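Notes follow once the structure below has been shown.
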2 protein chains.
Amino acid sequence: MAVDREQVLRAAASLLMRKSSATMDEVARAAGISRATLNRQFAGRDALVRALEELGIAECEAAAARAAVDDGPAADAVRRLVRELEPAAGLLAFLYSENQLFEGDEQNEGWTRLDARVVALFRRGQEVGEFRIDLSPVWLTEALYGLLVSAAWAICEGRVAPNDFSSNVTELLLGGAVRREK
Amino acid sequence: MAVDREQVLRAAASLLMRKSSATMDEVARAAGISRATLNRQFAGRDALVRALEELGIAECEAAAARAAVDDGPAADAVRRLVRELEPAAGLLAFLYSENQLFEGDEQNEGWTRLDARVVALFRRGQEVGEFRIDLSPVWLTEALYGLLVSAAWAICEGRVAPNDFSSNVTELLLGGAVRREK
DNA sequence: TCTCAATGAGACACTGATGTCTCATTTGAG
DNA sequence: CTCAAATGAGACATCAGTGTCTCATTGAGA
């Protein structure tokens, strides 16, 4: 009888990723509940988006923890991170387009924490000599987000194969498009 | 006295890139005109977005033409393309988040044409041996869009330096993050 | 200077989404 | 089985955004 909030959030994310302008009624229907119940769980659309934001942050931080981004070679850490981040990519794609979240006076500090971890990863790779130094860690972090979102979208629209998600993002981010001999 | 439609579109794009939920009233104020005039120029918000889409397509195609994407080494063509695309990146970022444009029954064929040109560029690079073949041209195209949007956003929020736009996108897309000896 | 088209300002009704409420029904625990 | 809590369905008022209209004002060209 009790509604599973997380299941509702996942259904909402799945719908909002494809149609960010979906109505609360559509979200409720997609989650298999009534609009009344949806409003009982989340007081208003804003609260729903905030909850999705919290879920996204939690999933990303959990992914970073599972990937152990501070251990081993930085390149391998990036590969693990991307692989662990794949399930959250759809949610990330929605939040990425919800720039309403960032235009306010203050953004959720969870993003700050997450950014710090990823930036630290790229900086570590630079200091060890694995990554080039002419691309700033901040830009590499932003690029990682962008590639994750692009890949999620491209897969969602059937332009690229779902199985290639991880390798597509990782290979392009680390190796680039230019062919290397050897 | 006569309103410059293109100037209005640019002001609208500049605002909508930062706040995609901006009101028609806000858009009009940002463009320095009244809401009545805005509605005289663009019959409704939908028409405004469509006009922005047309402008974006036109700018991208003009950039592709200026960059002569079919001439010379593919890597250099990509560099030229990114450089020419920079002024349109902001508009592209807005359109990218306006997934409402793609969820309809039919998307503007301008995107199809543009995609075809960029895909052809990457495919040419692969056939010549410049680009690696384990990343599909379609994915490289999507990644290019994603990096352009990421870079535009990061600059808009002051996270990276505006001057680094072209090199950031180009270097990461072509070379990747991993450092190469010589 | 005169004229007329275009603009700005404001009022107006309309639409769609939203949030809240009620009540019948269902579900799960005791 | 019984009952309390939660849900679903629907009605309702509210509100913000939108599109349209009118009218006074502006400005460029004849």
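Naming convention: chains lettered A, B, ... in sequence-line order (proteins, then strands); numbering from 1 in each chain. Atoms considered below: every heavy atom in the structure, side chains included; atoms not considered: hydrogens, waters and symmetry mates. This one's a predicted model, so the numbers in the text were calculated from it and none came from an experiment.
The distance between atom CZ of R29(B) and atom P of dG17(D), rounded to the nearest whole Å, is 11 Å. Protein atom CG of L48(B) is 16 Å distant from nucleotide atom P of dG17(D), rounded to whole Å. The CG-P distance, from L38(B) to dG19(D), rounds to 9 Å in whole Å. Between the P atom of dC14(C) and the CE atom of M24(B) lies a distance of 21 Å, rounded to the nearest Å. Atom CG of D4(A) is separated from atom P of dA6(D) by 16 Å (rounded to the nearest Å). Atom C1' of nucleotide dG8(D) and atom CG of D25(A) are separated by 12 Å, given to the nearest angstrom. In this structure, the CZ atom of R5(A) is 15 Å from the C1' atom of dA6(D), given to the nearest Å. Taking atom CD of Q41(B) as the reference point, atom C1' of dT18(D) lies 18 Å away to the nearest angstrom.
The side chain of R45(A) contributes an N or O atom lying less than 4.0 Å from OP1 or OP2 of dT18(C). Residue T37(B) places at least one side-chain N or O closer than 4.0 Å to OP1 or OP2 of dG8(C). The phosphate of dT7(C) (OP1 or OP2) has no side-chain N or O of S34(B) nearer than 4.0 angstrom.
Salt-bridge check for D71(A) with R80(A): failed, with every basic side-chain N at 4.0 Å or more from each acidic carboxylate O. Looking at R50(B) and E54(B), no side-chain N of the basic residue comes within less than 4.0 Å of a carboxylate O on the acidic one, giving no salt bridge.
Annotation for L147(A) and A143(B): closest pair CD2-CB, 3.8 Å, computed over non-hydrogen atoms. In this structure, V69(B) and L121(B) approach most closely via the heavy-atom pair O-CD1, 3.4 Å.
Here side chain to side chain donor-acceptor pair (under 3.5 Å) pairs that include residues 148-158 of chain A, with residues two or more places apart or in two chains, are S150(A)-Y96(B).
Counting non-hydrogen atoms under 4.0 angstrom, R40(A) reaches a base of the nucleic acid.
No more than 12 heavy atoms of other residues, nucleotides or ligands lie within 6.0 Å of CZ in R179(B), so this atom counts as exposed by the packing criterion.
When each of A22(A) and A36(A) is assigned the nucleotide of DNA chain C bearing its nearest heavy atom, the one mapping closer to the 5' terminus is A22(A).
Of the candidates dT20(D), dG8(D), dT18(D), dG8(D) carries the atom nearest the I33(A) side chain, counting heavy atoms from C-beta on. Considering only side-chain atoms of R35(B), the nucleotide from dG19(D), dT20(C), dG8(C) that sits closest is dG19(D).
Separation of atoms CD (Q107(B)) and OG1 (T112(B)) is listed at 4.5 Å; rounding is to 0.5 Å.
The overall bend of the helix from dT1(C)-dA30(D) to dG30(C)-dC1(D), read as the angle between its terminal helix axes built from five base pairs each, is 30° when rounded to 10 degrees.
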